[in-house]
Amino acid sequence: MNKLRETLREAIVEAGVKDGMTISFHHHLRNGDYVLNMVLEEIAALGIHDLTVNASSIFDVHEPIIEHLKNKVVTGLEVNYMGGKVGRAITEGIMEKPVIFRSHGGRAGDMENGSSKVDVAFIAAPCADDMGNLSGKYGPSACGSMGYAFSDAMYADKVVAVTDHLEAYPLADVSIPEGYVDMVVCVDKIGEASRIVSGTTRITKDPVGLRIAYLAAQVVKHSGYLKDGFSFQTGAGGASLAVAKYVEEMMEKEHIQGSFCMGGITGYLVSMMKKGLFKTILDVQCFDMEAIESIRDNANHQEISATRYASPQAKSCAVDSLDVVILGATQVDLDFNVNVHTDSQGYIMGGSGGHCDTAAGSKLSIVVAPLIRARLPLIVDEVLCKSTPGETVDVIVTQRGIAVNPKRTELKELLVKAGLPVKEIKELKEIAEAITGVPQQVKPEGRVVAKVLYRDGVEIDTIKSVK
Amino acid sequence: MRRTMLFLPGNTPNMLINGDVLGADSIILDLEDAVSPDEKDAARILVRNALKYQKAETCETIIRINPTESGFWMKDLDEVIPYKPHLIMPTKVDSAQVVQKVSAYIAEVEARHGMEVGKIGILPLIETALGVEQAFQIASADPRVVGLFLGGEDLTADLQCKRTKEGKEIFYSRSRIVCAARACGIEAYDTPFTDVEDSEGLVKDTKLAKSLGFSGKAVISPRHVETVNELFSPTQADIEYAHDVMDAIEEGKRQGKGVISLRGKMIDAPIVKRAQQVLEMELQMLGGVSIE
């Protein structure tokens, strides 16, 4: 049996890609990904139209897809996250069919239960053998974990692996095994290494960001969850890392032995594990070189699939065991609903990713954000897009105070008792508006350009075009 | 309580808007060295607006104005005084007359706006050899003066010596400032440590300042606030001892004792005074007292 194909075109033709089909991609190569553009270019050249692209995320590097949308090569788009460049074109109404937004857990879950069907999955693989054993840990385009690609491999009718680093069979340390893979194509380059991961991720130096992080860490400390067995998720952004830094200091001081950490894995979390502050890292995605080295070398640094991470269809998933998660927001409303899909003007510039999954699963979800951003208050009467429902958001931390979801009375009492600046969410809104004034309401009223599905697959909100 | 006084350039809106949440006891909105001459107007307007919107419930606001020999200082005061900053910091103060001149003009602006005259304090910045030698006269120049603040950078230029991290060259000036301030019953504040990255150096320099008798220290980076606050705060042991002192006094009064002792040591007036200061700081650190 020979799975190796000479060219991408050969594999596309053999996989049977036809008008109206759904093809899928993962986003582990982030802004350095060449594969999605490469595949769509071949498909366009083959004269195929009316495809749905199900990509776990679309980044700015995927801007060429806009041409394929215009030319109707692609007429459907399903994502968990979308960067600002493509997001702008979508919001301005370039597509007829609304984009489907899912969460990371929701995407995996919908593939598992069959409600999201993929005909052909194209899996960028930093390392592969000729029978289709795949890994993200080695090769010039290494990305570490390949967590989001597992469900594509398992549930797509046909699976094409695209690599730039072929090793002799059998590949050691396999992430996705050959049993799922139909064909392997070796190309010159699947990505730009410097854009796949950052060299190092740094803690913010912005004093306001540090203040917010400090307060968030105090919330963690006084919530009662910071004790032996503690589990924690934080993002790779500078402010999220600053929370990790403060949490690290507290864990060291109080000799707390945590259980696991998750999230965009960075060198910072790796060093916390090495110090013994966490037993394990559950890694669905690596964000820097240190994380990639660690997942390669340290058995306690485990690669997990999106299903294991957050699928609500699974019998259990890791977010269900998570104590504390630190999350971001572009807007929060008085009911604690959070927007991470659009900016304040209504333009798409993000998506849930694991936002609503971790908020729902964790025992304590903390949203950190500056109270005023570019002269606009964070807190609004009604978010432009309900990405994460307020019922699952416990605390909002800003530089001028902390709002606790009224559902969590016991938590509020603990934080007040600790002397933290706890305020009503309405009060925070008023503080911001005292400085900025009450901004004019922006409410896009065009046709629906995107549907936002909650992690269980039910539509939670829509995004309308900006005229 | 001014353990930390954080300098914020008067022409950076984001810092001005958020200055009061960075943990410093006081913020110094700077119209002087941080602002180039062609930006003085813009900075004045920004600082005025920051004062207007900031409630500063937990943080004192100080405005550093331009020197009296510049053409800017009166305009500075015209803009900011109506919005009631807590303190004005005149710069390059080298005589009692400078303080009196600034105080008189503040009074004029206060009166012009129907404000109570004399409510706004003055914290003179001493940063010349003459200023150091005149420290006592400056400290006692006007009832508005709440303390003396030493500026080490300009001072060493005037002394014609090199500014070092160890600070031997300003040892005399530091001691002189503390002594003059204490002689007048007011506070003394130390020059900032200017290497933002050197946290070890910051700790050393702050400990030195505290040991010399300073009440607090200016900082030029928000990242220095926590360290300086911590080092100028009473320790838990200090606080407990202060409570014990006050308890012993209460107990002594109840028993009608003339001489009261604690842990085998007589409690005299300085010990009581120190205990009261510690408890006052404890209260402020808990956020119990707002700044007048």
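The sequence lines fix the lettering, A, B, ..., with proteins before strands; numbering per chain opens at 1. Side chains are part of it too, since the values below use all heavy atoms of this structure and drop only hydrogens, waters and symmetry mates.
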When you look at [atom1] of [X], are more than 12 heavy atoms from neighbouring residues, nucleotides or ligands closer to it than 6.0 Å?
X	atom1	answer
A:Glu254	CD	yes
B:Glu226	CD	no
B:Lys75	NZ	no
A:Glu424	CD	no

Open item on the list: For the CD1 atom of A:Ile435 and the NZ atom of B:Lys52, what is their distance to the nearest 0.5 Å?
Closed with: 13.0 Å
- [ ] Drop me the distance from B:Ile17's CD1 to A:Leu371's CG, to the nearest 0.5 angstrom.
- [x] 10.0 Å
Open item on the list: Within the structure provided, determine whether B:Asp20 and A:Arg400 are in side-chain contact (heavy-atom separation under 4.5 Å).
Closed with: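 Yes. Closest side-chain heavy atoms under 4.5 Å.
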